[in-house]
Amino acid sequence: MKDMISDLRTDWTREEAEAIYNAPFMDLLYRAQTVHREYFDPNQVQRSKLLSIKTGGCAEDCAYCSQSARNGSQLPAAKLIEVERVISEAKKAKEGGATRYCMGAAWRSPKDRDMATLEAMVQGVKDLGMETCMTLGMLDDDQVFRLKDAGLDYYNHNIDTSERYYSEIISTRTFADRIDTLNRVREAGIKVCSGGIVGMGEKQMDRIDMLLALATLEEHPDSVPVNMLIPMDDTPLANVQKLDPIEFVRTVALARILMPKSHVRLSAGRTDMSDELQAMCFFAGANSIFVGDTLLTADNPEEDADTALFAKLGLTAMAAGSHGTK
Ligand code: SAM
Ligand code: DTB
Ligand code: SF4
């Protein structure tokens, strides 16, 4: 019975995932927390810090994003920032308790001329004793190997939504392109961080199918960010109807149950979530957050608010490199 609950399966079916998602809420939470406890200390939460290393002016047309040059928000395009600045920001993040440093760039994919700078960023952050993560868009084989050699631990590349809803959100690259990059990253031995966004006007079956697509990859991603859409001004999704928070918790719980050993990250959108909602997400199996008052361009809760939340809930920070209790 135990194995049936928590085996690392990659053959989940749509019917199974749908039944889990739609189970009575108390049964769903109980199952998610039971699975969570088999693999993790339920009172520990991993903390990552994000930095935008190249902001705005992106050629892609992701409907949720403040950084797309095609959206109305027109965030000015900046250059790739300097390595020294990345390292000094990473130091501050480490002092603030983050164990993983995630560097994000508003690119469709990196240019070869930027690779040496990116490698130096990875090496510099690693030398501080932090785990490194980058999110730079699509990668080719050579770029993947160079980042791996530089010591990159994680690569974040989200599938964002279900394959069916994907074309409503992005037209400039396909769902299959994203899966190609994920496979390349995994084959090179870099840990995969991949998840998506909910609250973009998708249907319940899109949330289920997004998680099913991740849970049926050859290997589960090591880390699965579940982002609540932050509606950014002047983007096509600026006025989309808010998602019922209970649906959000169901999504987190399904991610935990389908991918028991992965870190499920309660990512964007915490600023608008009550302490109670975040607590429910942790109970449903979320065990990773972004800390610090900015994500890439959007707000995140202040350090004091997170410190108070952790104290109230008796949560502690997960050590760097921890992969749970099994
Ligand atoms: N340009 C790279 C790419 O798209 O792969 C990396 C950076 S991109 C901003 C990283 C991820 O942030 C996106 O895939 C999306 O899932 C998430 N994201 C971006 N804007 C968001 C928003 N307004 N609300 C929630 N999540 C968002
Ligand atoms: C992820 O899934 N969420 C993070 C990280 N990966 C790169 C990004 C959230 C971005 C939120 C909007 C912004 O800051 O612009
Ligand atoms: Fe560009 Fe990434 Fe934003 Fe899409 S999500 S517009 S690829 S920065």
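Order of appearance sets the numbers: ligands from 1, and atoms from 1 within every ligand. Positions are given from 1 along the sequence. Hydrogens, waters and symmetry mates are skipped; everything else that's a heavy atom, side chains included, is used.
With a heavy-atom cut-off of 4.0 Å, T135 touches ligand 1 through backbone and side chain alike. Counting heavy atoms closer than 4.0 Å to ligand 1, residue A105 contributes backbone atoms (N, CA, C, O) but none from C-beta onward. The proximity of T235 to ligand 1, defined as any non-hydrogen pair under 4.0 Å, does not occur for either the backbone or the side chain.
Nearest protein heavy-atom contact of atom 4 (O) of ligand 1 is R173 NH2, 3.0 Å. The single protein non-hydrogen atom nearest to atom 6 (N) of ligand 2 is N156 OD1, 3.2 Å, given as residue, atom name and distance. The protein heavy atom nearest to atom 12 (C) of ligand 2 is A298 CB, 3.9 Å. The protein heavy-atom contact nearest to atom 8 (S) of ligand 1 is L296 CD1, 4.4 Å.
Ligand 2 has F290 within reach: a non-hydrogen atom of the residue lies less than 4.0 Å from it.
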Quiz prompt | Step-by-step ring-ring contact (aromatic ring centres under 6.0 Å, His included) determination, F283 to H36 | solution = CA-CA 9 Å; F283 191 75; H36 190 47; 9.1 Å; no
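Close approach to L50 involves these atoms of ligand 2, each under 4.0 Å from a residue heavy atom: 4 (C), 7 (C), 8 (C). Listed by atom number, the atoms of ligand 2 under 4.0 Å from T297 heavy atoms are 13 (C), 14 (O), 15 (O). Of all atoms in ligand 3, listed by their number and element, those nearer than 4.0 Å to a heavy atom of A106 are 8 (S).
At a cut-off of 2.8 Å, C65 does not coordinate atom 4 (Fe) of ligand 3 through any N, O or S atom. At a cut-off of 2.8 Å, C62 is not counted among the residues with an N, O or S atom near atom 1 (Fe) of ligand 3.
Across the listed options R70, R173, H157, R173 owns the non-hydrogen atom lying nearest to atom 2 (Fe) of ligand 3. Among L296, I230, N227, the residue whose heavy atom sits closest to atom 3 (N) of ligand 2 is N227.
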